[in-house]
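Okay, structure first, notes after.
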There are 4 protein chains.
Amino acid sequence: MDPDPGPDPSERTGLLLHPQTPRSLRVRSSALQATRELLREGGLAAATIDAIAGRSGVSKATLYKHWPSRTAIAAEAFGRDMAEAVPPSDTGTTLGDLREQVRRVSAFYASPEGRVYRELVAACVQDAGGAAYFRAYFLAGRRRAFAGLWARAVERGDVRPDVDVETATDLLFGPLLFRLMTGHWPLSDDAADAVTDAALHGLLPRT
Amino acid sequence: MDPDPGPDPSERTGLLLHPQTPRSLRVRSSALQATRELLREGGLAAATIDAIAGRSGVSKATLYKHWPSRTAIAAEAFGRDMAEAVPPSDTGTTLGDLREQVRRVSAFYASPEGRVYRELVAACVQDAGGAAYFRAYFLAGRRRAFAGLWARAVERGDVRPDVDVETATDLLFGPLLFRLMTGHWPLSDDAADAVTDAALHGLLPRT
Amino acid sequence: MDPDPGPDPSERTGLLLHPQTPRSLRVRSSALQATRELLREGGLAAATIDAIAGRSGVSKATLYKHWPSRTAIAAEAFGRDMAEAVPPSDTGTTLGDLREQVRRVSAFYASPEGRVYRELVAACVQDAGGAAYFRAYFLAGRRRAFAGLWARAVERGDVRPDVDVETATDLLFGPLLFRLMTGHWPLSDDAADAVTDAALHGLLPRT
Amino acid sequence: MDPDPGPDPSERTGLLLHPQTPRSLRVRSSALQATRELLREGGLAAATIDAIAGRSGVSKATLYKHWPSRTAIAAEAFGRDMAEAVPPSDTGTTLGDLREQVRRVSAFYASPEGRVYRELVAACVQDAGGAAYFRAYFLAGRRRAFAGLWARAVERGDVRPDVDVETATDLLFGPLLFRLMTGHWPLSDDAADAVTDAALHGLLPRT
DNA sequence: CTGTAATCGAGACGGTACGTCTCGTCTTAAT
DNA sequence: ATTAAGACGAGACGTACCGTCTCGATTACAG
């Protein structure tokens with residue numbers, strides 16, 4: 001069912017993964033597929049352990065042999081599904097690419113998948129095991145993708161080389177997450193552009 | 001028990017509040033005091049409805065008459081308690097004040113209270129009723145406080161007047177929330193300064 | 001509303017009754033009228049204190065000043081209403097009268113009011129205060145009525161004078177209550193007649 | 001813990017029973033044992049679902065999977081315990097046996113167990129599910145036991161053959177239940193004998 | 001009349017039990 | 001040996017009704 005589980009993230013995350021026998025693979029992909037569907041239909045709240053077990057035909061005990069918690073299953077299912085949700089932008093210019101990335105992430109947050117993303121971030125707060133999966137299967141990929149873009153920009157001299165990539169990432173995308181989580185401001189393209197502009201040129205007046 | 005409930009937030013939030021008869025006041029302050037203690041002792045998870053009812057002597061039914069959910073109680077208790085958690089900075093210079101504010105919020109996030117804040121943000125994702133209380137009793141106050149600082153800075157010409165206060169707020173504090181929620185980076189003073197520096201001067205090279 | 005409260009049962013029962021000022025009278029009759037309606041509509045379960053207070057306009061505190069429990073209110077309301085539910089029979093013969101009485105009680109038990117009667121008997125098991133009202137306002141009247149019939153029968157020599165009235169009452173009506181409470185047998189006229197016949201002639205063979 | 005669950009009552013009652021896997025058996029017997037103790041200590045009021053769950057170690061959810069209500073649990077626990085509470089009498093004569101049975105039931109009603117019996121009868125009035133269990137686990141057995149005694153008496157010609165067993169049962173024991181439920185008369189041996197005498201010889205004068 | 005004390009309506013409140021829900025573990029039998 | 005099926009303990013949830021209480025308004029009687 002899951003045609004391409006992708007590269008094993010244990011290489012880079014140290015996540016303890018189940019040995020990948022054929023049976024295990026079938027179990028994992030059935031569970032993830034069912035979870036994907038449930039997330040789409042009713043958000044994280046619908047992806048209860050019983051619902052995943054019921055729909056996938058994988059028993060609850062087996063699920064807990066493969067994942068530490070339901071959040072972990074949901075995080076992996078979401079991560080595999082959404083890995084390509086925000087494709088790298090290619091506008092020809094560094095500034096265009098950055099602006100486009102922020103817009104796309106903003107649009108993603110505002111989409112139905114953004115709701116699930118928000119619920120996952122929330123669920124991971126109380127579930128360290130799930131958080132590891134969320135980082136391994138989603139966040140790490142996203143940050144890595146942006147890190148590539150940032151590295152190219154630094155190389156070209158288009159951005160300040162003394163700002164490390166973590167700070168740059170958080171400066172551009174943190175404001176969007178703030179709005180997503182606390183809901184005080186719309187996630188429109190204009191708002192995204194305002195953030196990008198402020199982040200690129202800074203808050204101080206041009207002298 | 002509740003020395004100063006502060007100005008009634010219904011003025012600005014439209015939150016439907018309980019009529020403040022003497023009995024109601026005693027109930028509210030007992031419940032909030034108990035909740036404060038529970039939050040301090042065991043975080044949001046410890047502040048269950050039963051625990052709040054048990055410790056405060058306020059019955060569950062009465063709690064549900066005054067608040068829509070346990071998240072709402074916790075949000076109000078936390079908000080009243082933490083309203084002064086990040087005092088306005090006064091270093092003499094606008095840049096110093098901004099830098100100090102970001103440092104203080106970063107330190108707050110890294111403190112035990114930051115854990116509760118994180119849990120509250122998470123809980124509000126699935127609880128719209130609680131989210132209203134969280135905004136009314138905590139977030140709104142924080143944003144208003146920063147808005148004052150920003151307005152002064154604009155007046156003095158120390159910051160760009162074309163950046164609206166919402167964008168400025170999110171640019172300076174969003175990165176910290178990003179780190180708090182997804183836990184990928186430490187919340188140190190140095191990290192806070194790096195964010196402030198990048199936000200103030202922007203990501204583009206100085207020409 | 002309550003045109004005739006009847007003779008004060010405190011004369012014979014020692015029930016502590018409220019002094020009958022005009023206000024008290026209005027309170028009592030409003031409450032009893034509302035309770036009667038509720039009993040008719042939904043049985044004893046519908047006659048909650050809140051429902052009685054709501055419909056009658058008498059506050060809960062006042063209700064508890066006049067009665068010891070909701071069962072007591074229901075018992076009095078039911079008793080006043082049902083005092084005439086089983087009128088004395090007058091067939092011309094003692095045996096006919098006895099048979100008719102048993103039939104009528106059986107029919108009463110089988111009627112909608114019988115359901116309320118059953119619920120009241122049950123409620124009084126856990127509520128001694130209510131039980132006193134039930135006896136005072138219903139059971140005592142019923143037993144007294146039958147006692148009159150029995151006394152006449154004894155006078156006329158139509159029944160055994162060595163059977164005391166309590167035993168006679170219980171022998172004729174106990175079987176019906178047994179069936180009402182445990183529901184193992186229908187409450188038909190034929191069944192009533194079978195009981196009467198067995199009670200009158202005894203279980204031993206005629207020699 | 002449950003030494004002899006006895007014959008499965010579903011054979012004769014159609015009660016939907018839980019499949020008796022080993023786990024189910026342990027759950028059922030633990031719950032029933034705890035309920036028995038609670039009934040003994042504080043009557044039906046003490047046998048709350050929470051108390052049963054707490055003492056037996058069986059969770060509330062599981063209790064509700066096995067029984068429709070707490071009354072049902074109490075009825076089964078009481079019924080299994082009390083099945084032998086009124087042993088068949090064997091005095092050598094039919095009349096002696098009948099008299100002894102009525103005395104024993106009267107004594108049972110007057111005993112602490114009689115209080116629980118009374119409370120169960122009352123509780124079953126508002127709980128059809130519980131009533132089915134009460135009939136299946138207690139009443140049916142009692143009536144069956146008496147039916148055997150009655151059948152022998154009929155065979156021997158010691159009692160009227162035209163009185164059906166249901167009528168006979170109710171005539172002898174209904175008066176006792178009347179007194180138990182409405183509490184207007186003592187449950188002494190003498191009172192029991194008076195009932196038996198009146199029931200056997202009838203209320204009409206010997207001609 | 002009119003003050004004043006009892007009484008009342010309204011409904012908030014603490015308490016207690018309810019029956020439900022989801023989690024993550026454990027048991028059993030089948031493959 | 002691993003699995004599906006699902007029973008199970010744990011424990012929080014939100015609700016219902018009880019009987020008590022507080023409070024301010026109304027009433028009834030005494031001066």
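Quick note on labels: first sequence line is chain A, next is B, and so on, each numbered from 1.
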message = Is it the case that the side chain of Arg55(A) and the backbone of Thr35(A) share a donor-acceptor pair, with hydrogens and angles ignored and the cut-off at 3.5 Å?
response = no
key: Any donor-acceptor N/O pair, Arg70(A) side chain to Ala47(A) backbone, under 3.5 Å   =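 Flag set: sc Arg70(A) to bb Ala47(A) pair under 3.5 Å.
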remark   = ring-ring contact (aromatic ring centres under 6.0 Å, His included) filter on Phe134(D), not counting sequence neighbours, yields Tyr117(D), Phe138(D)
Spacing of [X] atom [atom1] relative to [N] atom [atom2], expressed in whole Å:
X	N	atom1	atom2	value
Arg26(A)	dT2(F)	CZ	C1'	11 Å
Leu25(C)	dC8(E)	CG	P	11 Å
Arg28(C)	dT7(E)	CZ	P	15 Å
Lys65(D)	dA10(F)	NZ	C1'	13 Å
Leu63(A)	dC26(E)	CG	C1'	15 Å
Asp127(C)	dG19(F)	CG	C1'	12 Å
Gln126(D)	dC18(E)	CD	C1'	15 Å
Leu38(B)	dA12(F)	CG	P	12 Å

ask   = Looking only at heavy atoms, what is the nearest atom pair of Ala46(B) and Ala51(B), with distance?
value =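 Nearest heavy atoms, Ala46(B) then Ala51(B): O-CB, 3.5 Å.
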ask   = Taking all non-hydrogen atoms of both residues, which atom of Cys124(D) and which atom of Thr71(D) are closest, and how far apart?
value =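 Nearest heavy atoms, Cys124(D) then Thr71(D): SG-CG2, 3.9 Å.
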query = In chain order, what residues pass the side-chain hydrogen bond (donor to acceptor under 3.5 Å, both in side chains) check against Thr48(A), with sequence neighbours excluded?
reply = none
message = Going by side-chain hydrogen bond (donor to acceptor under 3.5 Å, both in side chains), name the residues that satisfy it together with Gln126(A), two or more places apart in sequence or in a different chain.
response = none
Results of salt bridge (charged side-chain N to carboxylate O under 4.0 Å, His left out) for Arg40(A) - residues two or more places apart only =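 Arg40(A): salt bridge (charged side-chain N to carboxylate O under 4.0 Å, His left out) contacts with Asp81(A).
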query = How sharply is the helix from dG3(E)-dC29(F) to dT31(E)-dA1(F) bent, taking the axes over five pairs at either end and rounding to 10 degrees?
reply = 10°
Please confirm whether the shortest side-chain N or O distance from [X] to OP1 or OP2 of [N] is below 4.0 Å.
X	N	result
His66(D)	dA7(F)	no
Arg70(A)	dG24(E)	no
Thr62(D)	dA7(F)	no
Ser24(B)	dG11(E)	no

request  = Could you check which residues of residues 43-60 of chain D get a heavy atom under 4.0 Å from DNA chain E? Sort them by number, please.
outcome  = Thr48(D), Ile49(D), Asp50(D), Lys60(D)
ask   = Side chain of Ala61(A): nearest nucleotide among dC26(E), dT3(F), dG14(E)?
value = dC26(E)
inquiry  = Measuring only between side-chain heavy atoms, which start at C-beta, is Ile73(A) closer than 4.5 Å to Phe78(A)?
reply    =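 Not in contact.
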